[in-house]
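Presented below is the structure to which this report refers.
Residue numbering restarts at 1 for every chain, and letters A, B, ... go by the order of the sequence lines. As the structure is a prediction and not an experimental result, all values here were calculated from the model.
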Number of protein chains: 2
Amino acid sequence: MAVTIRDVAKASGVHISTVSRTFSAPHLVNPETRTRVLATAEELGYRPNRAARALITGRTHNIGLIVADIANPFFPPMIKAAETHARRRDYHVFVADTDEDPVVETDLVRALAKQVDGILLCSPRMSDDQIELMRREVPLVVVNRLIDGLPAVVMDVGAGARSAVRHLVGLGHRHLVYLSGPRGSWTNREIRRAAGVAARAGGADLTVLGPHQPVSSAGADATEAVLATGATAVLAYNDLMAIGLLQSLQDRGVAVPEQISVVGFDDIATSALVRPTLTTVANPTAAAGRAAVDMLLQQGDDGATGQVTLRTDLVIRNSTGPGPYAPAGATAAQVAAYAKE
Amino acid sequence: MAVTIRDVAKASGVHISTVSRTFSAPHLVNPETRTRVLATAEELGYRPNRAARALITGRTHNIGLIVADIANPFFPPMIKAAETHARRRDYHVFVADTDEDPVVETDLVRALAKQVDGILLCSPRMSDDQIELMRREVPLVVVNRLIDGLPAVVMDVGAGARSAVRHLVGLGHRHLVYLSGPRGSWTNREIRRAAGVAARAGGADLTVLGPHQPVSSAGADATEAVLATGATAVLAYNDLMAIGLLQSLQDRGVAVPEQISVVGFDDIATSALVRPTLTTVANPTAAAGRAAVDMLLQQGDDGATGQVTLRTDLVIRNSTGPGPYAPAGATAAQVAAYAKE
DNA sequence: TTGAAAGCGCTAACAT
DNA sequence: ATGTTAGCGCTTTCAA
């Protein structure tokens, strides 16, 4: 087996508790002793066994990160930010994928509960009640969902949806479609609601299509349905769906944005790489990952259960243009200010 | 604190070791007793503490997955496949990001070593010697690198590069560019070498540009350099760079594939979403993730250190077309067969 | 400032 | 088939 605290103690002529203190409470150890212990530890290649430490302290210094789908480009930047941020604070991160399945999700929470100090539940698909149940087994921070009394990090998708709809209405669109996302998604509900309200306020109507899986093929598959509505502008639950639609539309000779405008959500990297580049609502996913980690780690200190809402930003690119009711000569750029209002 | 083995023992009127056996060696327990214990365990919500178990068995049932960059779309499908596969075998996965930094990489291996039964080192940036050193601290399986005597999973990128070059030469290109990837990448060296050999064999010449970070902006930034070579076809280290170049080329009015053909590597999801769609060498990253997990978990059983090479496939899309030396009327489709040879 | 001793939750001989 | 016991590597009272 590997080198333990006992080996270091023997080699440096002190008791194991002194070695222990050297690592977990250095200020309680004579500087000279400490130096000596540290030196022999280094020499022997000693590294504290976190599991053994956890057994007695009750703190594993691990956190769990559960996401709906690692391969969905929305998540990797968040995972990366959370992992890097956590590591900086000396925490390791278990990452797990639920494949959009609420049952897998609950199983996963339970399976990780004992091994972590807390879990980041990202875009959970389970019900609020389930989440309430889970939080009794392990500290939880929820990302992309708001539940009373539960620490959460959300992006202000409602505001994002409003900006997007205003942008479209300002461009002269009166008939909009919302391509909705997966069942169980809080974000989806928020966007749909906010978009509906904003559309009505702008004298436009909004047809809701869905639910859909949040993947590009679902966007492509919805093409017929979108065209059937006669709408001139589409807001999609996420960029993947928007891009799938964008491509499929153009494949059928429907020009974007000349005939139909398309707006996505998230601002994943691909959105700037497709043609036309995608107008979308940017979500600060990396910041969300960091904020969620902070929240989880602070949860012990005070009992506070904050709820952080991060700003979203409409990024106007080339997939949106004037609609049938556009003021003469209006361009996307001209109405940008209006949307920002 | 949570419910322990002791609580279950007390509640079901047996000794703790019987409870322990019920979970870790059920066949050694009387079926009736087992049922009773299981029932009370369920009732109390007992779940074995893996850390405590690990302390004595020496097996954590955790594995570490270290990648160069979680946000690089090459990795998420691999991470996802590995995590799902591992979980199915009752292993949890620590995911960590090195940010392409070899120093972070070694630190990470050491930090995780004690907490896992083994580590999957994906696309390592550290040197072979470093890796040799690391493997003495913890079982390692390396992905995307071949080192003598070390268990590894690689994709046959050499064959992929040859197919790509043959495809281009077959299309009538004689002056090629290889846009190389990051320093320290085994994959990069393999592709460059194989492409060079294949080019020479086909009577073409290959100019190597780089190294570059494996991101789309690097591809875009290389545009001038590419044009300066006068080449009519480009092979890039990965799709991200290829797409960056593709876009930048078109932004300057250089038509793809009419004036320049572009080939990527990896077949990330975005490659099918850009226009023109990207011809690329598909890497079986998900299969690689699963294979690596299997290899790691088998390492204990026998001492075998296998090396698995997974097949790559040239996916011909619309970013490649006839070059200056093309047989009259040649199209990408027509030469596909040749490339496959 | 350091040592001694107990014990975190669990498994693995060994005994019964 | 079940109970007893020792102890994995570490932290943390309590004494000295």
Over 12 non-hydrogen atoms of neighbours within 6.0 angstrom of CZ in B:R183: no

Residue that, paired with A:S123, satisfies side-chain hydrogen bond (donor to acceptor under 3.5 Å, both in side chains) out of A:T98, A:N144, A:T187: A:N144

Axis deviation across the helix from C:dT1-D:dA16 to C:dT16-D:dA1, five-pair ends, to the nearest 10°: 30°

Separation of C:dT2 C1' from A:R36 CZ (nearest whole Å): 11 Å

Whole-Å distance separating the CG atom of B:N49 from the P atom of D:dC8: 18 Å

Whole angstrom value for the distance that separates P of C:dT11 from NE2 of B:H61: 11 Å

A:I56 CD1 - C:dA6 P separation (whole Å): 13 Å

Closest to the B:T57 side chain, choosing from D:dC10, C:dG9, C:dA12: C:dA12

Rounded distance in Å - CG (A:D7) to C1' (D:dC8): 13 Å

Interatomic distance where CG belongs to B:L55 and P belongs to C:dC10 [whole Å]: 12 Å

Comparing A:R34 and A:R6 on DNA chain C - which has the more 5′ nearest nucleotide: A:R34

5' priority, DNA chain D, between B:G13 and A:A51 [closest heavy atom]: B:G13

A:K10 atom NZ: more than 12 heavy-atom contacts under 6.0 Å: no

Step-by-step side chain to side chain contact (heavy atoms under 4.5 Å, CB included) determination, B:V93 to A:V95: CA-CA 6 Å; B:V93 181; A:V95 175; over 6 Å; no

Any B:V142 side-chain heavy atom under 4.5 Å of B:W186 side chain: no

Residues B:E83, B:R87: salt bridge by 4.0 Å N-O rule: yes

DNA chain C contacts among residues 26-33 of chain A, heavy-atom distance under 4.0 Å: A:L28, A:V29, A:N30, A:T33

Side chains of A:T309 and A:M155 in contact at under 4.5 Å (non-hydrogen atoms): no

Carboxylate-amine/guanidinium contact B:R125 B:E100, below 4.0 Å: yes

Side-chain donor-acceptor contact under 3.5 Å, A:Y91 with A:R59: yes

Exercise: do A:Q115 and B:N62 side chains pair donor with acceptor under 3.5 Å: yes

DNA chain C contacts among residues 14-25 of chain A, heavy-atom distance under 4.0 Å: A:V14, A:H15, A:S17, A:T18, A:R21

Whole-Å gap separating P (D:dG9) and OH (A:Y46): 10 Å

For atom CD of B:Q115 and atom P of D:dG9, their distance in whole Å: 15 Å

Stepwise side chain to side chain contact (heavy atoms under 4.5 Å, CB included) check, B:T33 with B:V14: CA-CA 8 Å; B:T33 317; B:V14 297; 4.0 Å; yes

